[in-house]
Student: 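Input: one structure, supplied below.
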Amino acid sequence: QVELVESGGGLVQAGGSLRLSCAVSGRTLSDYMMAWFRQVPGKSREFVAALSAEGTSTDHADSVKDRFTISRDVAKNTVYLQMNSLKLEDTAVYYCAARRIGFYRNFREGYQHWGQGTQVTVSS
């Protein structure tokens, strides 16, 4: 059992920065691949970024690569998403997700545990 709680969302102007946090409880962070997804009304959930259980490999969607960075603090059981140079199209509810180590086709599928989401709104 893994519980995920996102925080840090809010309103920010285009070009600004925001850092999201995902507090993980129930299991050790090092046993799971962690990821961030986002979703807007009427659209499917979109992959944003992922971090391997070892903390050594990452995957970022092309739309956010070099602007967003996923990271973690194992001692705090927390995963972060640093978002820089925010754009209007980054507006969405952002979700933290976790999947147990195993066989998966890629970093973007198979997530088993989800947080409740935190709203990020980018204004002009």
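Computation of the quantities below employed the complete heavy-atom set of this structure, encompassing side-chain atoms and omitting hydrogens, waters and symmetry-equivalent molecules. All of these numbers come straight from a predicted model, not from anything done at the bench.
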Student: Within the structure provided, determine whether Met34 and Leu4 are in side-chain contact (heavy-atom separation under 4.5 Å).
Tutor: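 Side-chain contact under 4.5 Å: yes.
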Student: Contact between Trp114 and Cys96 at the side-chain level, heavy atoms closer than 4.5 Å - yes or no?
Tutor: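 Result no, sub-4.5 Å side-chain heavy-atom pair not found.
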Student: Spell out, as yes or no, whether a donor-acceptor pair under 3.5 Å connects the side chain of His60 to the backbone of Ile70.
Tutor: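 Indeed, once roles are kept as given, a pair shorter than 3.5 Å links the two residues.
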Student: Using the rule given for side chain to side chain contact (heavy atoms under 4.5 Å, CB included), can you reason through Thr91 versus Arg38, listing the C-alpha separation, both sets of side-chain angles and the distance that settles it, and then say yes or no?
Tutor: CA-CA 9 Å; Thr91 295; Arg38 64 188 183 186; over 6 Å; no
Student: Within 45° of the axis and under 6.0 Å from the centre of the six-membered ring of Tyr111, does NZ or CZ of Arg99 qualify?
Tutor: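 Relative to the ring axis of Tyr111, which defines the angle, Arg99 lies inside both limits.
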Student: Between Thr78 (side chain) and Lys76 (backbone), is there a donor-acceptor pair under 3.5 Å?
Tutor: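 It does hold such a pair.
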Student: I'd like to know whether Met83 forms a side chain to side chain contact (heavy atoms under 4.5 Å, CB included) with Val12, so could you lay out the CA-CA distance, the side-chain angles of the two residues, the decisive distance to 0.1 Å, and finally the verdict.
Tutor: CA-CA 11 Å; Met83 305 185 294; Val12 62; over 6 Å; no
Student: Could you check Glu46 against Ser63 for side chain to side chain contact (heavy atoms under 4.5 Å, CB included), going step by step and ending with a plain yes or no?
Tutor: CA-CA 11 Å; Glu46 175 189 15; Ser63 60; 3.8 Å; yes
Student: Nearest 0.5 Å, what's the CZ-OG distance between Arg19 and Ser7?
Tutor: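 Atom-to-atom, Arg19:CZ and Ser7:OG are 9.0 Å apart.
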Student: Show your reasoning for whether side chain to side chain contact (heavy atoms under 4.5 Å, CB included) applies to Arg100 and Arg27.
Tutor: CA-CA 10 Å; Arg100 201 72 166 86; Arg27 294 288 188 274; 6.0 Å; no
Student: Between Glu6 and Leu20, is there a donor-acceptor pair closer than 3.5 Å when you use the side chain of the first and the backbone of the second?
Tutor: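 Not at all, since once roles are kept as given, no pair shorter than 3.5 Å links the two residues.
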Student: What orientation do His113 and Tyr32 show, parallel under 30°, tilted 30 to 60°, or perpendicular over 60°?
Tutor: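 The arrangement is perpendicular - the two ring planes meet at more than 60°.
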